[in-house]
Amino acid sequence: MKNDSIALKYSPQDIEDKWYQHWLDQNYFHSEPDNREPYCVVIPPPNVTGVLHMGHMLNNTIQDVLVRRARMQGKNACWVPGTDHASIATEAKVVAKLKEEGIDKKDLSREEFLKHAWLWKEKHGGIILEQLKKLGASCDWKRTKFTMDEDLYESVIDVFIDLYNKGLIYRGVRMVNWDPSALTAVSDEEVIHKEIQSKLYYLNYPIVGEKNQFVTIATTRPETILGDTAVCCHPDDERFLHLKGKSVIIPLVNREVPIIFDEYVDREFGTGCLKITPAHDINDYHIGIKHKLPSIDIFNDNGTINEKVGLYVGKDRFDVRKEIVKDLEKSGNLAKIEDYTNKVGFSERTNAVIEPKLSLQWFLNMQDIAKPALDVVMNDTIQFHPAKFKNTYRHWMENVKDWCISRQLWWGQRIPAYYGANGEVVVAKNKEEAFEKLRITNYDLRFEDVRQDEDVLDTWFSSWLWPISVFDGIRNPNNNKDLAYYYPTNDLVTAPEILFFWVARMIIAGLEYEKKIPFKNVYLTGIVRDKIGRKMSKSLGNSPDPLDLIQTYGADGVRVGMLLTSPAGNDLPFDEVLCEQGRNFCNKIWNAMRLVNGWEISKTIEQPEYARVSVDWFHAKMNEQIAIIEDHFEKYRLSDALMTTYKLMWDSFCSWYLEMIKPVYLQPIDAITHQQTVEIFEKLLQLLHPFMPFITEEIWHIFGDKQEDIIISNMPKSQGFDKTIIDKFETAQHVITEVRTVRKEKNIPQKEPLTLFVKKNNEPSEILFDSVVQKICNLEKLDYVSEKLENAASFIVKSTEFFIPLNDKIDKDAEKTKLLTELKQAENLLRSTQAKLSNERFVSSAPEQVIALERKKQSDAQQKIEVITQQIKQLS
RNA sequence: GAGACGUUAGCUCAGUUGGUUUAGAGCGCUUGCUUGACAGGCAAGAGGUCAUCGGUUCGAUUCCGGUACGUCUCACCA
């Protein structure tokens with residue numbers, strides 16, 4: 001047999017690496033500009049030292065499906081891969097690793113630290129890209145980029161200088177979100193607010209000059225009383241009006257601070273009296289400015305108490321909270337403690353509690369440059385899939401705040417700002433240039449006294465240029481073949497979580513630097529969750545290792561599993577059974593191949609009638625379904641496109657078509673049918689290839705020697721179809737199902753041949769697919785009669801009666817029960833249509849078509865009732 | 001606190017420009033099958049007052065409004 005050398009079960013491990021290497025060897029993934037239509041996707045660059053997680057799997061599977069499909073549609077497909085330096089995350093990892101080795105970052109110079117960081121990057125960088133290859137990602141690896149590559153680095157610096165020269169970048173003291181663990185400011189978007197159970201402490205502040213009088217304030221952060229510079233009440237609050245002009249003593253600290261009045265205070269909350277700590281709360285900060293209050297910063301950068309107040313010096317903020325409550329209790333200033341739920345900001349990268357802190361940072365003014373970026377999304381120049389994210393996007397863009405772009409880190413693009421001896425600042429490409437600029441105002445300046453800003457730029461300040469900088473479009477905007485050809489890119493596939501971090505800012509940068517949108521479509525994936533709805537994360541340990549999954553189910557199986565239940569924008573409730581389903585599907589296809597491949601072919605026998613009509617039917621069916629698949633792709637409904645293809649393969653092709661044309665055991669198949677079947681099979685493989693690249697390439701080559709690989713073959717297009725064939729076959733399918741049911745109910749094995757009689761109607765009742773019905777149902781005879789048959793099992797399909805003579809095998813009671821059920825259904829239907837049709841207002845106002853349909857329903861029901869009633873009569 | 005979106009079978013989701021004979025799919029479930037490709041399979045089934053209450057209409061799962069629950073975004077009261 002031909003199948004002797006072919007495994008009984010599909011075994012992905014044997015073929016995946018082989019084909020991936022072959023594709024690489026053939027250079028299929030590499031793209032250079034030519035005269036074909038381009039199709040370009042830039043990867044959302046994963047963290048350079050990260051490892052593949054389920055989110056990446058989903059995201060990159062989707063990209064690969066789009067890219068492979070585009071490639072097969074004859075477009076010049078280019079998927080640009082790369083990684084992100086991820087400044088906070090990577091620096092944190094390097095710091096932690098050094099700490100393990102007993103090295104403190106503080107003891108290293110910037111250069112020494114960066115040397116360690118690069119070593120770390122060389123060691124771990126790109127692991128994730130290797131993992132993507134296992135998934136089958138068809139990235140153009142020759143174009144792999146890293147956000148800290150020299151050219152991309154320089155692009156970032158150029159952009160900073162340009163925006164500074166345009167007056168959009170400024171430096172200022174602001175209240176920023178301070179991450180005391182990473183020791184850097186972070187942007188608003190990097191702060192995650194979480195609800196936590198905490199306490200509300202009521203503290204008594206003695207009033208100066210009033211014995212035993214005090215005001216009570218409520219606070220969740222008693223340790224910050226060290227930095228209090230006022231107590232504030234609402235100006236209309238009668239309870240406190242008598243305190244105007246008075247001051248209070250801060251407990252323990254013994255500092256006298258004024259009582260001020262401001263409408264900001266919510267009279268209903270707490271005691272209606274608020275302590276003001278301008279250095280450590282954003283609202284207090286604003287009140288402080290308004291009332292010209294001093295600001296006392298009580299924290300060191302790492303969240304410990306500094307020496308300014310002389311209490312709790314060097315102790316951590318959370319330890320101090322516990323301690324100060326005890327001390328306040330001792331001193332008699334603690335009135336009470338209540339349970340309280342409030343929201344606290346956490347750092348996205350380090351999960352440390354964010355400390356609002358005043359500091360000198362660099363900002364990008366977002367007001368004006370954001371506007372055009374809002375427009376292109378609202379008017380669908382850039383389309384979001386699903387579109388519901390337009391709302392979210394608009395909301396953010398309309399309320400956009402200035403972007404804090406400096407980070408107190410070393411790993412990243414160092415801010416090209418330079419300071420002279422007196423602190424004067426210039427922005428320049430390098431120290432030499434800065435020196436020249438600074439000398440204009442200070443002739444005596446020595447070169448070695450020029451100092452570069454210590455901070456680096458926010459990671460997103462480099463990734464927002466990604467679709468441009470991967471083509472070197474910032475440094476070389478003109479006569480840039482790649483940029484002119486690939487930009488704007490086509491589709492961006494990413495998670496809604498980084499809509500603002502990244503997507504919005506790429507649009508802004510694209511419009512600012514290319515005057516063109518960076519991509520035409522944004523496909524937003526959902527979040528991969530576990531069975532009980534939790535987000536998959538390392539800390540929860542609920543995320544399977546993607547490579548283990550690939551090992552178990554095969555890359556194709558996992559890809560199918562990921563895609564089966566993930567419409568755009570919907571979370572993906574991941575369950576391994578999905579991968580199992582994907583694997584089973586692979587096996588199904590594999591076995592279909594074994595069947596077709598195993599047949600003996602005869603060139604002498606003619607193509608039987610049943611095979612001829614089966615081929616006609618499948619061609620129609622396939623073209624119908626391809627049109628649907630095309631439509632799904634156009635709407636970015638990848639799950640639906642996959643499911644349609646899945647059913648076409650499994651149901652239409654395997655369960656129906658192959659059974660229809662299958663030659664009887666040990667008989668050869670005629671050459672024409674075999675040829676046509678292989679051609680059909682190959683088209684199905686092509687349709688499946690974007691979803692399941694490996695198995696399709698393998699089977700493609702098992703079916704004879706091919707010069708061309710499936711990966712670069714032409715995707716079949718819908719070529720129109722005859723709907724009447726499809727409809728007629730559907731009727732035949734009903735007949736077949738009914739016969740099978742009769743067999744099952746009467747316990748008649750498939751091997752035992754039956755006879756089927758069709759009662760002739762007024763209408764032509766012959767069913768084009770008689771030969772197929774006869775074969776599939778194992779009928780020794782299929783005939784037309786004009787009279788009913790007795791002692792026969794019967795059923796009705798589309799008001800045509802069918803009879804299977806069974807002699808003694810009829811169970812009259814059972815038959816009757818069945819008929820009565822059907823009768824009831826028909827009567828219900830009749831009743832509902834009659835109710836409608838006898839309603840004059842329905843008849844007068846409903847459209848004609850609807851009425852005609854209702855009439856047809858009525859007559860069909862009547863006819864059916866008549867038929868059933870007669871059958872019942874005959875039984876009794 | 002403000003806004004957006006959602007609620008259809010046990011689960012995950014389609015769908016209805018308001019009428020398409022009895023609202024669909026996949027998985028799961030039930031019942032038969034050692035059916036000569038496949039038990040990772042085949043066949044036949046069961047499962048839904050389309051969240052809830054009102055309104056518009058001849059007719060509402062579909063349109064409008066209220067309620068409940070859920071998800072997300074933004075803001076935040078110490």
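Here is how names work: the chains are called A, B, and so on, in the same order as the sequence lines, proteins then strands, and each is numbered from 1. Just the heavy atoms: all of them, side chains too, but no hydrogens, waters or symmetry mates, feed the values below.
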Examine G41(B): is either OP1 or OP2 under 4.0 Å from a nitrogen or oxygen in the side chain of Asn584(A)? Give yes or no.
yes

So what is the 5' to 3' dot-bracket string for RNA chain B, if pairs are Watson-Crick or G-U wobble with both distances under 3.5 Å, crossing pairs use [ ] and | means the partner sits on another strand?
(((((((..((((.....[....)))).(((((.......))))).....(((((..]....))))))))))))....

Classify the side-chain pair His291(A)/Asp262(A) by whether it contains a donor and acceptor separated by less than 3.5 Å.
yes

Nucleotide of G40(B), G45(B), C5(B) approaching Arg583(A) most closely (side-chain heavy atoms):
G40(B)

When only distance counts, do a donor and an acceptor, one from the side chain of Glu659(A) and one from the base of A43(B), lie under 3.5 Å apart?
no

Does Thr741(A) place a side-chain N or O at less than 4.0 Å from the phosphate oxygens OP1/OP2 of G45(B)?
yes

Taking C50(B) as the reference, what is the distance to U7(B) when you measure between their P atoms (whole Å, please)?
14 Å

How far, in whole Å, is G45(B) from A51(B) if one measures between their P atoms?
28 Å

Students often get this wrong, so: under 4.0 angstrom with heavy atoms, is Pro847(A) touching a base, only sugar-phosphate, or nothing?
base

Write down the distance separating the P atoms in U17(B) and C33(B), rounded off to the nearest Å.
45 Å

Expressed as a whole number of Å, how far does the C1' atom of U61(B) sit from that of U49(B)?
10 Å

So, is Lys588(A) near the phosphate of C42(B), with a side-chain N or O under 4.0 Å from OP1 or OP2?
yes

If the cut-off is 4.0 Å, is Trp650(A) near the phosphate of C42(B), judged by side-chain N/O to OP1 or OP2?
yes

Is there a side-chain contact between Lys401(A) and the phosphate of A75(B), meaning an N or O under 4.0 Å from OP1 or OP2?
yes

Gap in Å between the two P atoms, one belonging to G24(B) and one to G48(B), rounded
13 Å

Residues passing the side-chain hydrogen bond (donor to acceptor under 3.5 Å, both in side chains) test with Arg394(A), sequence neighbours excluded, are none

Which part of the nucleic acid does Phe585(A) contact within heavy-atom distance under 4.0 Å: base, sugar-phosphate only, or nothing?
nothing

side-chain N/O Asn342(A) vs A78(B) OP1/OP2, d < 4.0 Å
yes

Touch class at under 4.0 angstrom, heavy-atom based, for Ser844(A) against every strand present
nothing

Any N/O donor-acceptor pair, Lys751(A) side-chain to U35(B) base, under 3.5 Å
no

Hey, does Lys275(A) reach any base, or is it just sugar-phosphate, or nothing, if we go heavy atoms under 4.0 Å?
nothing

Is the base of G47(B) syn or anti, if syn means a glycosidic angle within 90° of 0?
syn

Proximity to the side chain of Phe842(A) - top-ranked nucleotide from C58(B), A75(B), A25(B)
C58(B)

Is there a donor and acceptor pair closer than 3.5 Å between the side chain of Lys744(A) and the base of G32(B)?
no

How far, in whole Å, is G40(B) from C29(B) if one measures between their P atoms?
13 Å

Integer angstrom distance from the P of U62(B) to that of C42(B)
38 Å

With rounding to the closest Å, how many angstrom separate the P atoms on U12(B) and U20(B)?
28 Å

